[in-house]
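Structure first, then comments.
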Amino acid sequence: MSQKKVRVRFAPSPTGGLHLGGVRTVLFNYLFARHHGGEFVLRIEDTDQTRFVEGAEEYILECLRWCGLEADEGPHKGGPYAPYRQSERKALYRQYGEQLVNAGFAYYAFDTPEELEAMREVEKARGNHSPQYNHAVRKIMRNSLTLEAAEVKTLLDKGTPHVIRIKMPENEEVSFTDMIRGEVSFQTNTVDDKVLLKADGMPTYHLAVVVDDYLMKITHAFRGEEWLPSAPVHILLWKYLGWETDMPQWAHLPLILKPDGNGKLSKRDGDRLGFPVYAMNWLDPKTNELTKGFRENGFLPEAFVNMLAMLGWNPGSEQEIFSIEELVQAFSIERVHKGGAKFDYDKAKWFNHQYIVKKDDATLAKLFQPVLTEKGLAPEETYVAKVTGLVKERCHFINEIWDHGFFFFVRPDKYDVDAVKPKWTPEKQAFFESWITVIEALPDFTFVSLEESFKQLATEKGIKPGELQLPFRIMLCGGKFGPPVFVIAETLGKEETIERIKLALAIFA
RNA sequence: GCCGCGUUGGUCAAGCGGUUAAGACGCCUCCCUUUCACGGAGGAAUGACGGGUUCGAUUCCCGUACGCGGUACCA
């Protein structure tokens, strides 16, 4: 066992919003690094210039910040292995491609896109379902393996567009031990000669990921399961570049699947089923299309992170609610489940509810403030906090504080009269009229004294207090909801309570 | 098609050769509350299929099925 310091990396390509699954990959990286006292680096894999999206990198950074999963090194703060954007490391890669060519592990290929297309057509016509540029095909294409050395030199000297491809060996088995799946192996014959360096001089993911993981001294590489099929290319590259002993340990994370049916969860599913898929709102600068995020939907980052941790990983105990510190403590990559997990929004809501209930009222009130502001309301902070404390038990989201407590801020604009009228009597009307005078004179306006006087007067008038409580609730809230009535009254205060009783009495009569 | 990975209730999942096959979400019933929620007590519901190996398979092996992923000068 080497004693190398653990270094992991999250390497997104900045092409859009950050998906749930991406955040989970970040999380697992982060937890693993912290658990082992290692470092977590953020590397931007922007080698495909045609897919560059304005603002995507900033968005990713902001997501990590919101989730509390910030990287120790990255384009935002530099570090000993800067730069952390592959586009800024462009000059680095070519030498490794050439080293590979010189060692006979790779070759120059001059085929034009048209020639490639023609080859595929021919292959398809021959019944080849998905033509590959492989050990057989490379023998009939235009590359440094088939061309005369002198011609290759001329072509190169003239600056002819070309790529560098890996030369996959024939009849070999490549295997490695995945931290989650155990031994995984591939036959090299089934893998094609992947492009390593593109005609524009940029490396492909395949080259860049191994060069940068090596240069950045990455010890453990976690990525989605969709990368498993190209693992043999990467393994071979580590070997061919002579870095085999420094190769990181791999772990291919299971996918997050859509709740209904099968397949990878996509933002489309979110739109379709009515829940967010991205961490935060993402506005596509090209299409102007807005994709909803967990943050804007009223999720607390701790809840979001906790929920994600339990999707594909479990501690082996019955504990489900974990602070980030507890996660760091408990996390182990071996306990990551192999199979994909269907995303369950109801469970996500449950997690958020747990955290809302736990969170202190003042903080919650602050997060809720924007909703109030948007409605043109500006109640006192302490009042908002008090209300929040009263209703949070029934909220799954921050925004729901309004749904469950709006009547603390505005008078009801409609009443559930159907719940009152059928059983309304002049006696009940009289009860409330006289109770107003009773509470007006109350020395203290607390839910205890309110309830006492309410029940006492009801008994005096020969009405069961229970029959009066629902009408009273509707007077204050407009409907059958909310915290205990007398607590509502106390919170509203004497004046407002009396006013609402009078207003409602006029309607009930 | 080919290659790879996977498969325990509706969902997340524990288990690592002998269990009444945990727990959570959701659902249902009841209690609490003359609102709703929280809380509490119950309930229904699970090892894809077929072969082995074994005294004994959810657990190990092999097939099959199904699902997913990959099969680009995208990551």
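None of these values were measured; they are calculated from a predicted model.
Residue A:G127 is classed as having no contact, given no heavy-atom separation below 4.0 Å to the nucleic acid.
Between A:W424 and A:F432, the ring planes lie parallel to each other; the angle is under 30°, not in the 30° to 60° tilted range. Classification of the A:F176-A:F186 ring pair by plane angle, with boundaries at 30° and 60°, yields parallel.
Evaluation of atom-type donor-acceptor distances gives a pair under 3.5 Å for the side chain of A:S130 against the base of B:rG1. Taking 3.5 Å as the limit, the base of B:rA24 and the side chain of A:K347 contain a donor-acceptor pair of atoms between them.
Under the 6.0 Å distance and 45° angle rule, A:K428 does not count as a cation-pi partner of A:F431.
Side-chain N/O atoms of A:R120 include one lying less than 4.0 angstrom from OP1 or OP2 on B:rC73. Between A:R51 and B:rA75 there is no side-chain polar atom (N or O) within less than 4.0 angstrom of OP1 or OP2.
The side chain of A:E226 sits closest to B:rA75 out of B:rG4, B:rG26, B:rA75. Proximity note for A:V163 (side chain, C-beta onward) versus B:rC12, B:rG70, B:rC73: the nearest is B:rC73. Across B:rG1, B:rA72, B:rU7, the shortest atom-to-atom separation from the side chain of A:D192 is found for B:rA72.
Pair check for B:rA41 finds B:rU29; Watson-Crick or G-U wobble, both atom distances under 3.5 Å.
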